[in-house]
Amino acid sequence: MDLNGKVAIVTGGNNGIGLAIASKLLNYGASVAVVDLNDDAFDKGIKNCKFYKADVSDFNKANEIVENIINDFSAVDILVNNAGINRDGVIWKMSEEQWDSVLDVNLKGCFNYSRMVSPLLKAQAGGKIVNISSINGMRGKFGQANYSASKAGIIALTKTMAKELGRYGVNVNAVAPGLIESEMTKKLPKDALSLALAETALNKFGNAEDVANLVAFLCSDLSAHITGEVIKIDGGQYI
Ligand code: NAP
């Protein structure tokens, strides 16, 4: 895969799956702009990689950040909407704050950066947007009404943007991971992890690298005729 000369934005790229995606795109030759809340794990020594501090749920900040990225890198070719959170609870106990925070970061964050980047991709007649959804956005999940709804929203947003931007040579796809070992899943109770493992055909959890490989493929010319797709990467957790 060759991403030389491409400029990619990866949201939530300071940790977990986003960090693996940013590293993978760099390895394939892209320049990478990481947008995240914190830069504690961000390696400031990497050439062609720059950190931008922002909460993805802030619409005006998204505009400012994308302008800064254009000033620094002169272009944007790839957007990976990866930043996400979970604030789990059953529906009868879920607070407004739990609902709003998850929808704001996961779904509005994806909208914000797609909204700012899509005019650029449209004008240059080419580009890739890859959104990180979840198998729980396809099937629902006990205790995750907010998270599952946000990830289902990302799927509808992906399909709509694929229809709107396809004629301008822009591919828009979503990736739907199953349980992937990360900071997010470290916090899950033991019985939830056992349940997830029991339903996974390959009988193992995925890792961030697995997801990054698929995302890199979707960011490359090898996936030129794929758009509007939601590709599960879950070891057969949801078949
Ligand atoms: P993670 O380790 O918690 O990493 C998420 C990253 O997003 C962190 O760097 C986090 O920053 C950042 N972030 C959170 N809120 C943000 C905001 N408002 N603005 C900007 N950045 C923000 O989680 P992960 O497991 O790698 O998850 C990455 C994506 O994959 C998420 O969209 C998640 O829903 C999705 N996913 C994960 C799994 C899984 O099993 N891990 C499965 C399906 C889908 P801080 O650490 O500083 O808060």
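Counting starts at 1 for both ligands and their atoms, in listed order.
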I'd like to check which ligand 1 atoms, numbered from 1 as shown, lie under 4.0 Å from a non-hydrogen atom of Gly16.
2 (O), 26 (O)
Before signing off on this row, confirm whether Val56 and ligand 1 have an N or O atom pair separated by under 3.5 Å.
yes
May I ask you to list the atoms of ligand 1 that are less than 4.0 angstrom from any heavy atom of Ala54?
19 (N), 20 (C)
Taking both backbone and side-chain atoms of Ser57, is any N or O found less than 3.5 Å from an N or O belonging to ligand 1?
no
Only one of Leu218, Val172, Asn173, Val80 forms a side-chain contact (heavy atoms from CB on, under 4.5 Å) with Ile129, so which one is it?
Val172
Closest to atom 42 (C) of ligand 1 among protein heavy atoms sits Gly178 O, 3.1 Å
Tell me: protein heavy atom nearest atom 6 (C) of ligand 1, and distance?
Gly12 O, 3.6 Å
Return a yes/no value for Thr185: is any of its N or O atoms, backbone included, closer than 3.5 angstrom to an N or O of ligand 1?
no
Under 4.0 Å between a side-chain nitrogen and a carboxylate oxygen: does that hold for Glu67 and Lys61?
no
Pull out every atom of ligand 1 sitting under 4.0 Å from any heavy atom of Asp36, numbered as shown with elements.
8 (C), 9 (O), 10 (C), 11 (O), 12 (C), 13 (N), 20 (C), 21 (N), 22 (C), 47 (O)
Check ligand 1 against Ile85 and write out every atom of the ligand that is under 4.0 Å from a heavy-atom position of the residue.
14 (C), 15 (N)
Select the closest option to atom 5 (C) of ligand 1 among Gly84, Ser150, Ser133, judged by heavy-atom distance.
Gly84
Taking 4.0 angstrom as the limit and counting only heavy atoms of Ser134, give me the atoms of ligand 1 inside it, by number and element.
43 (C), 44 (C)
Nearest to atom 29 (C) of ligand 1 by heavy atom, Asn82, Asn86, Asp40: which?
Asn82
So how far is it from Leu195 CG to Leu188 CG, rounded to the nearest 0.5 Å?
11.0 Å
Atom pair CD1/CD1 of Ile226 and Ile231 - distance to nearest 0.5 Å:
5.0 Å
Checking a contact table here: which protein heavy atom is nearest atom 33 (C) of ligand 1, and how many Å away?
Tyr147 OH, 3.5 Å
For residues Ile155 and Ile17: do they belong to one hydrophobic cluster (side chain heavy atoms under 4.5 Å, members Ile, Leu, Val, Met, Phe, Trp, Tyr)?
no
Does a side-chain N-to-carboxylate-O contact under 4.0 Å join Asp72 and Lys50?
yes
Tell me, yes or no, whether the heavy-atom count around Lys163 atom NZ, taken from other residues, nucleotides or ligands under 6.0 Å, exceeds 12.
no
Between Asp2 and Ser220, a side-chain donor and acceptor under 3.5 Å:
no
Minimum distance, heavy atoms only, to atom 41 (N) of ligand 1: which one of Asp234, Asn131, Ile180 is it?
Ile180
Can you find a side-chain donor-acceptor pair between Glu183 and Asn15 that sits under 3.5 Å?
no
Polar proximity ligand 1 side, Asp55 side, N/O cut 3.5 Å exclusive
yes
Examine distances only and state if a side-chain atom of Asn82 and a backbone atom of Gly12 form a donor-acceptor pair shorter than 3.5 Å.
yes
Protein contact to atom 23 (O) of ligand 1 [nearest heavy atom, distance to 0.1 Å]
Met184 CB, 3.6 Å
NZ/NE/NH1/NH2 to OD/OE distance under 4.0 Å, Glu209 and Lys24:
yes
Is Pro177 in polar range of ligand 1, meaning some N or O pair under 3.5 Å apart?
no
When you compare the side chain of Arg87 with that of Gln144, does any pair of heavy atoms fall below 4.5 Å?
no
The closest protein heavy-atom partner of atom 46 (O) of ligand 1 is Asn15 ND2, 3.1 Å
Candidate with minimal heavy-atom separation from atom 25 (O) of ligand 1, of Ser182, Gly137, Gly206
Ser182
Residue selection (non-hydrogen contact nearest atom 27 (O) of ligand 1) among Asn38, Leu19, Ile17, Leu179:
Ile17
Look at atom 30 (O) of ligand 1 and find which of Val105, Asn136, Ile154, Ile132 reaches it with the closest heavy atom.
Ile132
Measure the distance from atom 17 (C) of ligand 1 to every protein heavy atom, then report the residue, atom name and distance (to 0.1 Å) of the closest one.
Leu37 CG, 3.6 Å
For atom 2 (O) of ligand 1, which candidate among Lys151, Lys61, Glu183, Lys53 provides the closest heavy atom?
Glu183
Given side chains that start at C-beta, do those of Val35 and Val10 come closer than 4.5 Å, heavy atoms only?
no
Counting from 1 in the order shown, the ligand 1 atoms closer than 4.0 Å to a non-hydrogen atom of Ala83 are 7 (O), 21 (N), 22 (C), 32 (O)
Hey, what's the ring geometry for Phe73 with Tyr52, parallel, tilted or perpendicular (30° and 60° as the breaks)?
tilted
